[in-house]
Protein chains: 2
Amino acid sequence: MSDAQPEPTLDRPAVLERKGAFADRDAWIASGWCRLESALEVVGTRSAMVLVREVFYGATRFDELVRRTGLSEAVASGRLKDLVGHGLLERRPYREPGARTRDEYVLTDLGSRLFPVVVGLMAWGEDLRDDHHSGVQLVHRDCGAALEATVRCTAGHDVPLDEGAVRLKDEDWARGAVRRA
Amino acid sequence: MSDAQPEPTLDRPAVLERKGAFADRDAWIASGWCRLESALEVVGTRSAMVLVREVFYGATRFDELVRRTGLSEAVASGRLKDLVGHGLLERRPYREPGARTRDEYVLTDLGSRLFPVVVGLMAWGEDLRDDHHSGVQLVHRDCGAALEATVRCTAGHDVPLDEGAVRLKDEDWARGAVRRA
DNA sequence: CTGTATCCCAGCGGATACTG
DNA sequence: CAGTATCCGCTGGGATACAG
C-alpha cells in the first residue's frame with residue numbers, strides 16, 4: 001500500500017462526525033445558523049469577558065470592576081450596559097448602612113451559565129503558555145483540586161471529540177419521522 | 001439577627017470564593033496574570049473562532065474553510081497563519097490520487113483542547129436566543145443526546161459555581177511556607 | 001462614586017485585484 | 001486551487017474631561 005492509498009489516515013486528529021444533511025450544506029454558516037456567532041456577539045470581546053470574569057470573582061461595584069479589569073471607565077460603562085441589556089448581568093440597588101443607595105452588578109442565571117466557558121478558556125490559556133507556576137487558579141472549594149471544563153452529553157456520558165457529531169436540527173435523523181414542527 | 005445584618009444574602013447569585021491573598025489584590029489583572037487574556041489574544045476574535053469551529057466540523061482545505069466561514073480569503077489566510085503560529089493548527093501536505101500535492105489544516109492536540117470552549121459557547125448561544133428549533137446541534141454520536149460543557153475538578157467532582165474558589169498560585173494555601181518573593 | 005461625552009488610534013474584517 | 005496585496009470602513013478600547 002505504498003503507491004495510491006486513498007486515505008492515509010495516519011494520525012489524523014479527531015473531528016466531529018457529520019450527520020445527515022449537514023454534510024452537504026455549504027453556506028449555512030454565514031447566515032448565523034450556528035449559535036457560536038450569537039454568543040460571540042455578546043461575549044466575543046475582551047472587555048466583556050474580563051468583566052464577566054470579575055463578576056465571577058465576586059466584584060459587584062463599578063469602580064471595583066474598572067480597577068480590576070484595567071478597562072477605562074467609558075468602555076466598562078458601555079460594556080456593562082450591553083451585558084445588562086443582553087440579560088447576563090442585572091443591576092440591583094443596595095445600601096450599605098449609613099451610605100446612600102447605590103447599584104451593583106450581579107450575575108443572572110444566564111450569566112452564570114457562562115461558567116464552563118470561562119473555566120475552559122482559562123484552562124486553555126494555561127496550556128497555551130506553559131508557565132504553570134504563576135497566576136490565578138480556579139479550584140474546587142472542598143477538595144482543592146484544579147477546575148477544568150469537560151464535554152458531556154445530557155444522558156451523562158463523557159464525550160471526547162471523536163465521539164461527537166454535528167447535525168442540523170429538525171431533520172429526520174436516527175429515527176426518521178420525529179415530527180417536531 | 002434582624003436589625004443590622006451586614007450581608008442581606010437574600011437571593012444573591014453564587015460567585016467564586018476568594019481564597020488567601022487573592023481577596024486583597026487589586027491590580028493583579030491588568031498585568032496579564034489571568035490566563036483568560038492569553039487565550040483571548042489567540043481565539044478572542046470572531047474569525048479565529050469560526051475557523052476553529054469549521055476545523056472541528058472536519059473542514060481542512062483553504063477554500064472549504066473560506067466558503068463555510070464566510071470570511072474573506074485575506075482574513076482567513078492571515079488568521080490561519082496566526083493559528084498555525086500559535087500551535088493550534090498544523091499544515092500538512094496531502095495528495096489526492098492524480099492531483100498535485102496540497103496542504104490541509106488539521107487540529108493539533110492544543111487545538112483540540114478547545115473543544116469544551118466551543119461546545120460551551122454554542123450551548124450558551126442557544127440559551128441566549130431561545131430559538132431551540134433551528135440551527136446546528138452537537139450530539140453524542142452513540143446515544144444522540146445533546147452536548148454540553150460542564151465544570152469538574154481533577155479529582156472528578158462536578159463543580160457548580162458556588163463550589164468553586166479562586167486563589168493565587170504558589171502562595172501558601174492549604175500548606176503554608178511556599179516562599180516566592 | 002458612578003458614570004457620560006469626546007477625541008483618537010489600532011486592529012478586525014470586507015472587497016477587489018493580482019500571483020503561483 | 002491557495003493564497004497575497006491594497007484599500008477602506010467599522011468598532012473596540014485608551015485618555016481625558018466633565019456631570020449627577
Side-chain angles (χ1 to χ4, degrees), chain A residues 26-27 29-32 36-37 40-55 59-86 89-106, chain B residues 26-27 29-32 36-37 40-55 59-86 89-106:
Chain A
D26 256 0
I29 289 299
S31 47
L36 184 60
E37 327 238 343
L40 291 179
E41 274 171 31
V42 180
V43 292
T45 62
R46 197 186 83 94
S47 56
M49 271 294 184
V50 297
L51 282 170
V52 168
R53 178 196 61 195
E54 286 309 320
V55 176
T60 59
R61 296 211 320 274
F62 183 80
D63 76 316
E64 201 180 358
L65 290 166
V66 167
R67 222 172 351 109
R68 298 181 72 112
T69 57
L71 295 172
S72 71
E73 292 152 353
V75 171
S77 170
R79 197 60 58 192
L80 283 169
K81 194 170 295 182
D82 291 349
L83 295 178
V84 169
H86 283 109
L89 298 181
E90 197 177 281
R91 294 188 66 152
R92 177 178 298 191
Y94 81 112
R95 167 194 302 266
E96 283 176 353
R100 78 180 214 279
T101 302
R102 287 188 293 193
D103 275 0
E104 60 179 357
Y105 297 88
V106 295
Chain B
D26 256 359
I29 289 297
S31 46
L36 185 60
E37 326 240 344
L40 289 180
E41 273 172 32
V42 180
V43 291
T45 62
R46 197 186 82 95
S47 56
M49 271 295 185
V50 295
L51 282 169
V52 168
R53 178 196 60 192
E54 285 309 321
V55 175
T60 58
R61 295 209 321 271
F62 183 79
D63 77 316
E64 201 180 356
L65 289 167
V66 167
R67 222 175 347 112
R68 298 180 72 112
T69 56
L71 295 171
S72 72
E73 292 152 353
V75 172
S77 169
R79 196 60 57 194
L80 284 169
K81 196 170 293 182
D82 291 348
L83 294 177
V84 169
H86 283 109
L89 298 182
E90 198 178 280
R91 295 188 64 152
R92 178 178 298 190
Y94 81 111
R95 168 194 301 265
E96 283 175 353
R100 75 182 217 278
T101 302
R102 287 188 294 192
D103 276 0
E104 60 178 358
Y105 296 89
V106 295

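Convention: sequence-line order gives letters A, B, ...; per-chain numbering from 1.
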Would you say [N] has OP1 or OP2 under 4.0 Å from some side-chain N or O of [X]?
| X | N | value |
| --- | --- | --- |
| A/R91 | C/dG3 | yes |
| A/R61 | C/dT2 | yes |
| A/S47 | D/dG13 | yes |

Going by the rule side chain to side chain contact (heavy atoms under 4.5 Å, CB included), which residues pair with [X] if we only count those two or more places apart in sequence or in a different chain?
| X | answer |
| --- | --- |
| A/V66 | A/F62, A/E73, A/A76 |
| A/S47 | A/T45, A/L71, A/V75, A/R79 |
| B/V55 | B/L65, B/L89, B/L107 |
| B/E90 | B/R92, B/V106, B/T108 |

What is the separation between atom [atom1] on [X] and atom [atom2] on [N], rounded to the nearest whole Å?
| X | N | atom1 | atom2 | value |
| --- | --- | --- | --- | --- |
| B/L51 | C/dC12 | CG | P | 13 Å |
| B/D103 | D/dG3 | CG | C1' | 11 Å |
| A/M49 | D/dG13 | CE | P | 12 Å |
| A/L65 | C/dG3 | CG | P | 10 Å |
| A/L71 | C/dT2 | CG | C1' | 15 Å |
| B/F62 | D/dA2 | CZ | C1' | 6 Å |
| B/E104 | D/dG3 | CD | P | 12 Å |
| B/R67 | D/dA2 | CZ | P | 10 Å |

Find out whether [X] and [Y] are in side-chain contact, i.e. whether some heavy atom of one side chain is under 4.5 Å from a heavy atom of the other.
| X | Y | result |
| --- | --- | --- |
| A/V84 | A/K81 | no |
| B/E37 | A/R53 | yes |
| A/R46 | A/M49 | no |

Show each protein N/O and nucleotides 7-10 of chain C N/O combination with a separation under 3.5 Å, one pair to a line.
none

task = Would you indicate which nucleotide in D/dG3, D/dG13, C/dG13 comes nearest to any side-chain atom of A/T45?
result = D/dG13
inquiry  = Nearest to the B/R79 side chain among C/dC12, D/dG12, D/dG3, which nucleotide is it?
reply    = C/dC12
task = For each nucleotide in nucleotides 15-20 of chain C, reading 5' to 3', give B when a protein heavy atom comes within less than 4.0 Å of its base, S when such contact involves only the sugar-phosphate, and - otherwise.
result = B-B---
inquiry  = I need the B/T60 OG1 to B/E54 CD distance, nearest 0.5 Å.
reply    = 11.5 Å
ask   = How long is the gap from CG on A/D63 to CZ on A/R68, to the nearest 0.5 Å?
value = 11.0 Å
